[in-house]
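Read the structure below first, then the notes.
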Amino acid sequence: MLGVSRRAWVPAVLLAVLAVGYGVTASRGAVSLDVWSANLASWSIGTTGTPLTDLDRFPALADNDLRATWVVQRADGRDVVGRAPGTVAAAVPAYALAHLFGASGMSIVPGGLTAALLTAIAITLLFLALRERLGERPALAASLVLGLTTPVWSVAADGVWPHTLTVLGILGMAWAAERERWWLLGLFGGVALWGRLHAAVICAVVGLLLAWWRRRPDLLLKTGAACGAMLGLMMVWTQWMYGRWDPTAAYDVGVFVSIAQDQGLDGLNLAGFLVSPGRGMLVWTPILVLLLPALVRSWRALPDWSRALAVGGVGYTAVQLALNAFKGGEAFFGYRIGLELLACLAPALALSTPRIGTVGRRLLVPVIVAQAAVFGFGALAGPDTAPRISSTWDSNELVARVADQPAYSIALLLACAALAAVVVRMWNDPELRRKDGAS
């Protein structure tokens, strides 16, 4: 009986702790207009039942030289916020609830709390996907590393970005695949494409590879049907919100087509995605450098769904980099374009950790502590909404912030590092491990 109750309360506690932690650190002041405009649409729907609102009442959009970035024209000629369907729909219940309890005026708080809860659910799903294969403590550790030492905390959990939906969808796919629930895999793939339409690449690759490797065409049919149903619902949404049965209606697709034609799979864009000081995945999350060799060594022994998810993440990223620049805009801490690849690699990387080399094993804890300090700082300090050239090759936002406010920034970084070091030390305490195993 104790074992059954523990299986239930551990993920429940993980979900609750992450939801509260993310909720406390979610942005409440200035945020990216990507997030704010999506929240504005959610607020309008949640309080009035319609996405139509007088955008001229909001100078942040009305007086912005880049207004067309966040505003599109409906089929009837009226202006409306143009954001990915999932980023708007996800927060509607929170805004409706806030309105029910008497909240007045537009606020980003319900949106931030929505992002916190959805991201906490995503990390809990990763834990559930890994627990049987890694064991409870290693699965919990791997989940917390993804949830607290990467931009999952400073971006996906900070406000309703597209990545809030894609990370949830991807990690939900991992959980469903581990349990061989193919309809659910397709539904979670649909959640991801509500965040970014081309995240359908991930669902398609996973479904195709698993059907091929397992000689199970029914698997592909179930996954594809569920994901296709979610795409159909998206078209219903865009018809209601934009007056078009077009899943791309929230964006000016011509911009992305032009970028793809001019840029394609540009080598400099790929290099920026990986190693630029401002947005490089390997710069901000060097744990990838330590774990990727283990992933290569473990590849054949990994569960097929984790390999399929990794391949899908690479395919999605190739499409993403062809459609857009690695910079990903401004007003967020770390990187965001790489979050889908990070989520897709997370299960395979976690399952590969037993084969990490000697050097990697020695560096693993210091790197985890360093990343926890950096992203703890980013989550507590909030996004810097002032435009910076440092978001690309010129500098790094963390370095720029330390230069701007050295005493405050260094003190906060040291405090985050100290807390992370204490937690890691407690986690690795042999006596605690013994008691935990005995329970």
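- With a 4.5 Å cut-off on side-chain heavy atoms, L18 and T119 do not count as touching.
- The aromatic rings of Y316 and H198 sit parallel, their planes meeting at an angle under 30°, below the 60° perpendicular limit.
- No option in T150, L148, T149 other than T150 meets the side-chain contact (heavy atoms from CB on, under 4.5 Å) test with L146.
- Side-chain atoms of T238 come within 3.5 Å of backbone atoms of D246 as a donor-acceptor pair (strictly under, hydrogens ignored).
- Looking at W194, its side chain never comes within 3.5 Å of a backbone N or O of L165 through a donor-acceptor pair.
- Minimum interatomic distance between A84 and G195 (heavy atoms only, all atoms of both residues): CB-O, 3.2 Å.
- Side-chain contact between V374 and L398: present, with at least one pair of heavy atoms (C-beta onward) separated by less than 4.5 Å.
- A donor-acceptor pair under 3.5 Å is absent between the side-chain atoms of R28 and the main chain of V109, judged by distance alone.
- The pair E180-R216 does not meet the salt-bridge criterion, since no charged nitrogen lies less than 4.0 angstrom from a carboxylate oxygen.
- No side-chain donor-acceptor contact under 3.5 Å links T114 to the backbone of A91.
- With rounding to the nearest 0.5 angstrom, the CZ atom of R300 is 12.5 Å from the OG atom of S298.
- The nearest pair of heavy atoms linking A199 to T166 is CB-CG2, 4.4 Å.
- Note: L100 CG to T47 OG1 = 12.5 Å, rounded to the nearest 0.5 Å.
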Worked check of side-chain hydrogen bond (donor to acceptor under 3.5 Å, both in side chains) between T285 and Y335: CA-CA 10 Å; T285 43; Y335 58 82; 2.9 Å; yes
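- Separating the CG atom in L185 from the OG1 atom in T223 is a distance of 5.0 Å, to the nearest 0.5 Å.
- Under 4.0 Å is where a charged nitrogen must lie from a carboxylate oxygen, and between D34 and R336 at least one such pair does.
- Around the CZ atom of R297, the shell of radius 6.0 Å holds more than 12 heavy atoms that belong to other residues, nucleotides or ligands.
- Annotation: cation-pi pair R401/Y408 absent, no NZ/CZ under 6.0 Å from the ring centroid and within 45° of its normal.
- Screening I170, L288, T317 for a side-chain contact (heavy atoms from CB on, under 4.5 Å) with L342, the sole residue that qualifies is L288.
- The aromatic rings of W284 and F333 lie perpendicular to each other, with more than 60° between the two planes, well past the 30° mark.
- Looking only at distances, a side-chain donor or acceptor of S42 sits under 3.5 Å from a matching main-chain atom of V88.
- Counting heavy atoms from C-beta outward, I45 and W240 have side chains that approach closer than 4.5 Å.
- A pairwise comparison of heavy atoms in W305 and A177 identifies CB-CB, 3.5 Å as the closest pair.
- Remark: side-chain polar atoms of S44 are not paired, donor with acceptor, to backbone N or O of L40 under 3.5 angstrom.
- The backbone N or O of F326 sits less than 3.5 Å from a side-chain atom of N269, completing a donor-acceptor pair.
- Between D158 and T25 the shortest side-chain heavy-atom distance does not fall below 4.5 Å.
- The OG atom of S352 lies 8.5 Å from the CH2 atom of W299; values are rounded to the nearest 0.5 Å.
- Counting only distance, with no hydrogens or angles, the side chain of Y22 and the backbone of G147 share a donor-acceptor pair below 3.5 Å.
- Screening I356, L290, T353 for a side-chain contact (heavy atoms from CB on, under 4.5 Å) involving R361 leaves a single residue, I356.
- When all heavy atoms of L413 and F377 are compared, the closest pair comes out as CD2-CB, 3.7 Å.
- Ring-plane geometry between W175 and F188 is classed as perpendicular, the angle between the planes exceeding 60 degrees on a 0 to 90 degree scale with a lower cut at 30.
- Remark: E397 CD to D404 CG distance equals 10.0 Å, nearest 0.5 Å.
- You'll find the side chain of V81 stays beyond 4.5 Å of the side chain of W70, heavy atoms only.
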